Amino acid sequence: MSDKTLVARAPSGTHDVLWPESTRWESLLALFAVHVERAGYGLAHTPIFEDVKVFRRGIGEGSDVVGKEMYEFEDRGGRTLALRPEGTAPMVRAFVQHRPPLPWKAWYATPAFRYERPQAGRYRQHHQLGVEALGPSDADLDVEVVALADTFFRSLGLAAFTLRINSMGDDSCRPAYLELLTAYLAERRDQLCDEHRDRLEANPLRALDCKRDACRAATDGAPGFAEHLCDECDAHFARVRQGLDAQQVPYVLDHRLVRGFDYYTRTTFEFASAALESAQNGIGGGGRYDGLVEMLGGPPTPGIGFGMGIERILLACDAEGVFAVDPARPDAFVVDTAGGDHARDLTAALRAAGMSADRAYDDRSMKAQFKAADKSGAAWVLIVGPDEAASGTVSLRPLRGTGDQSTVPVAEVVDAVRAAIRDTPADPSAL
RNA sequence: GUGGCCGUAGCUCAGUUGGUCAGAGCGCCGGGUUGUGAUCCCGGAGGCCGCGGGUUCGAACCCCGUCGGUCACCCCA
């Protein structure tokens, strides 16, 4: 393989986001920020790598993410670190380290790394938006978090998605339920698929969300966690459902919903897009993790949060034909066939006055410069040819919409463009 | 990590049973006489057919490997 093909290619499972797609990302981030900050969540940045123990303890040694998907490495000082595979554990680590006042409500936007076989909607570096709320065990906080995700998706225009929720109980009711489930599955051990027959004792919950027909049949009548919660968890879950109903957030109860991380307790939920053909249709998910802060060395502190995948959200938007973002168009484009001084100085003057301006380079023909102006989507073209240069003027011509070309003295150009923009409809494409 | 499919110009793709098969559309660049774009017309640049090896007189077309993509599984955003 030549050096060229070896180097000029993003690593497998990673991808570049260039303009104009990056404009969509920016918009998505901005919308998310406004959405969650309105609910009191503040932005937090944490390192993209952490001591590997942060993930091992929180997510769980037995999980696939920790067991076989982490980008783990040793730094020059001999520390064992890992690129973050998800956003919650690092945020909780930051909470434990700084102990901000409760309740602590924070949001994040971060890359996440998992060594998996790439396919559409599944990348080795993908990007997540999420929130975490620490402190209250109040079920209304669960409702707030879930509803925040739901309304965010809808604000993008997404409609073809479903929300599934379940309760994973807590320390006081999970052992008994696991025993019940294990006993039930043990009686049907022969019906389970190979994999889950082997994992029955280690993690019986996994069999519940197995997609193979054998397992599905065997688990169809299995006891659901929601029916075997302790009184406290049962009341909590009831309050959550009541709140979602009141907020008119559609959901379905799914006792098969088992999330992959060990830290989840009580409420868990997942959003899946029905518009995505791929098996990678999960666009967001999360849950309560009342024991995680302690696992990472902090005081007993309940918490809940969600994470959503930017790439998958955008794929879902494409599939539904929503959330198209128009790239920015410059206010003015300077066409200069009189040497280039005016293109250089006029764009600078316009930018200094707070307007956006662009130009062509390399002394191209007038036709070429006009083509460039058109492609840029500029609202106005400022023309400086030999005539204007000689008379100290600039011709101002609307590129979209109606209006005649006019000529103004160079000294008045900035003001003239400012006035012209003010009178131009905000949406040029509407013309 | 396991298995199926795929990999031709910037993009979307054609390329008959291996022998003018290196092409089209879009995009890009230039031109259509004297300074005005998005339409139209003409012309041009651009690809060692992912990469490496093999079979053959000869391979984009066959075989092997490798890299990448894609689909399913696993798991998840």
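In this text, all values refer to a predicted model and were calculated from it rather than measured experimentally.
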Are there any protein N/O atoms within less than 3.5 Å of an N/O atom in nucleotides 38-40 of chain B, and if so, which ones and at what distance?
{"from": "A38(B)", "atom 1": "O4'", "to": "Asp374(A)", "atom 2": "OD2", "distance (Å)": "2.8"}

**Request:** Using the P atom as the reference point in each nucleotide, state the distance between U36(B) and A22(B) in Å, no decimals.
**Result:** 42 Å

**Item:** Arg312(A) (side chain) and C76(B) (base): donor-acceptor pair under 3.5 Å
**Value:** yes

**Request:** Starting at the 5' end of RNA chain B, write a dot or bracket for each base, bracketing those in Watson-Crick or G-U wobble pairs whose two distances are under 3.5 Å and using | for partners on another strand.
**Result:** (((((((..((((.....[...)))).(((((.......))))).....(((((..]....))))))))))))....

**P spacing across the pair G47(B) / C63(B), given as an integer number of angstrom** = 29 Å

**Asked** Phosphate oxygens OP1/OP2 of A77(B): is one of them under 4.0 Å from a side-chain N or O of Gln280(A)?
**Response** no

**Item:** For Arg418(A), all residues meeting salt bridge (Lys or Arg N to Asp or Glu O under 4.0 Å), sequence neighbours excluded
**Value:** Asp415(A)

**Prompt:** NA contact type, Gln125(A), heavy-atom cut-off 4.0 Å: base, sugar-phosphate, or nothing?
**Reply:** nothing

**Request:** Starting at NE2 of His35(A), measure out to CG of Leu156(A) and round the result to the nearest 0.5 Å.
**Result:** 9.0 Å

**Item:** Nearest-angstrom distance, C1' atom, G53(B) to C41(B)
**Value:** 49 Å

Under 3.5 Å, N/O pairs linking protein and nucleotides 3-13 of chain B:
{"from": "G3(B)", "atom 1": "O6", "to": "Arg117(A)", "atom 2": "NH2", "distance (Å)": "3.4"}

**Request:** Please list, chain by chain and in numerical order, all residues satisfying salt bridge (Lys or Arg N to Asp or Glu O under 4.0 Å) with Asp254(A), sequence neighbours excluded.
**Result:** Arg164(A)

**Asked** What residues form a salt bridge (Lys or Arg N to Asp or Glu O under 4.0 Å) with Arg117(A), not counting sequence neighbours?
**Response** none

**Prompt:** Taking CD from Glu270(A) and C1' from C76(B), how many angstroms apart are they, rounded to a whole number?
**Reply:** 8 Å

**Asked** Considering residues at least two apart in sequence or located in another chain, which fulfil the salt bridge (Lys or Arg N to Asp or Glu O under 4.0 Å) criterion with Asp336(A)?
**Response** none

**Request:** Determine the Euclidean distance between corresponding P atoms of G54(B) and U16(B); express it in Å to zero decimal places.
**Result:** 25 Å

**Message:** Please tell me if Arg124(A) has a side-chain N or O lying less than 4.0 Å from either OP1 or OP2 of G69(B).
**Reply:** no

**P gap between G18(B) and C62(B), integer Å** = 8 Å

**Message:** With rounding to the closest Å, how many angstrom separate the C1' atoms on G37(B) and U20(B)?
**Reply:** 41 Å

**Request:** Would you tell me if any nitrogen or oxygen in the side chain of Ser12(A) comes within less than 4.0 Å of OP1 or OP2 on C67(B)?
**Result:** no

**Prompt:** Considering residues at least two apart in sequence or located in another chain, which fulfil the side-chain hydrogen bond (donor to acceptor under 3.5 Å, both in side chains) criterion with Asn166(A)?
**Reply:** none

**Prompt:** Is the base of G1(B) touched by the side chain of Glu69(A) through a donor-acceptor pair closer than 3.5 angstrom?
**Reply:** no

**Asked** Who passes side-chain hydrogen bond (donor to acceptor under 3.5 Å, both in side chains) against Ser395(A), sequence neighbours left out?
**Response** Glu388(A), Thr407(A)

**Request:** For Ser278(A), report the nucleic acid contact type (base, sugar-phosphate, nothing); a contact means any heavy atom under 4.0 Å.
**Result:** sugar-phosphate

**Prompt:** Within the structure shown, what part of the strands sits under 4.0 Å from Gly121(A) by heavy-atom distance: base, sugar-phosphate, or nothing?
**Reply:** base

**Prompt:** Any donor-acceptor pair under 3.5 Å joining the side chain of Gln405(A) to the base of U36(B)?
**Reply:** yes

**Message:** Return whichever of Pro398(A) or Lys375(A) has its heavy-atom-nearest nucleotide of RNA chain B closer to the 5' end.
**Reply:** Lys375(A)

**Message:** Any base atoms under 4.0 Å from Ala373(A), or only sugar-phosphate, or nothing? Heavy atoms, all strands.
**Reply:** nothing

**Request:** May I ask you to say what Gly13(A) touches in the nucleic acid, namely base, sugar-phosphate or nothing, with a heavy-atom cut-off under 4.0 Å?
**Result:** sugar-phosphate

**Request:** Using the C1' atoms only, state how far G30(B) lies from A77(B), rounded to an integer number of Å.
**Result:** 48 Å

**Prompt:** With sequence neighbours excluded, what pairs up with Asp318(A) under the side-chain hydrogen bond (donor to acceptor under 3.5 Å, both in side chains) test?
**Reply:** Arg24(A)

**Message:** Ring centres within less than 5.5 Å and planes less than 30° apart: is that true of His126(A) and A77(B) in this structure?
**Reply:** yes

**Prompt:** Below 3.5 Å, does any donor atom in the side chain of Arg122(A) face an acceptor in the base of A77(B), or the other way round?
**Reply:** no

**Prompt:** Which whole number of Å gives the distance between the C1' atom of U56(B) and that of G19(B)?
**Reply:** 11 Å

**Asked** Do we see a donor-acceptor contact under 3.5 Å between the side chains of Tyr123(A) and Gln280(A)?
**Response** no

**Request:** For Leu205(A), check side-chain contact (heavy atoms from CB on, under 4.5 Å) against everything at least two apart and list the hits.
**Result:** Met168(A), Tyr177(A), Leu178(A), Leu181(A), Asn203(A), Leu208(A), Val258(A)

Counting only pairs under 3.5 Å, give me each side-chain donor-acceptor contact of residues 337-348 of chain A, with atom names and distances, residues two or more places apart or in other chains.
{"from": "Thr347(A)", "atom 1": "OG1", "to": "Ala343(A)", "atom 2": "O", "distance (Å)": "2.6"}
{"from": "Thr347(A)", "atom 1": "OG1", "to": "Arg344(A)", "atom 2": "O", "distance (Å)": "3.1"}

**Message:** Quick check: do Arg241(A) and Ile165(A) have side-chain heavy atoms less than 4.5 Å from each other?
**Reply:** yes

**Item:** Audit row: Thr46(A), Arg84(A), side chain to side chain donor-acceptor pair (under 3.5 Å) steps and yes/no
**Value:** CA-CA 10 Å; Thr46(A) 63; Arg84(A) 56 186 352 185; 2.7 Å; yes

**Asked** Which part of the nucleic acid, if any, lies within reach of Phe113(A) when heavy atoms closer than 4.0 Å are counted: base, sugar-phosphate only, or nothing?
**Response** nothing

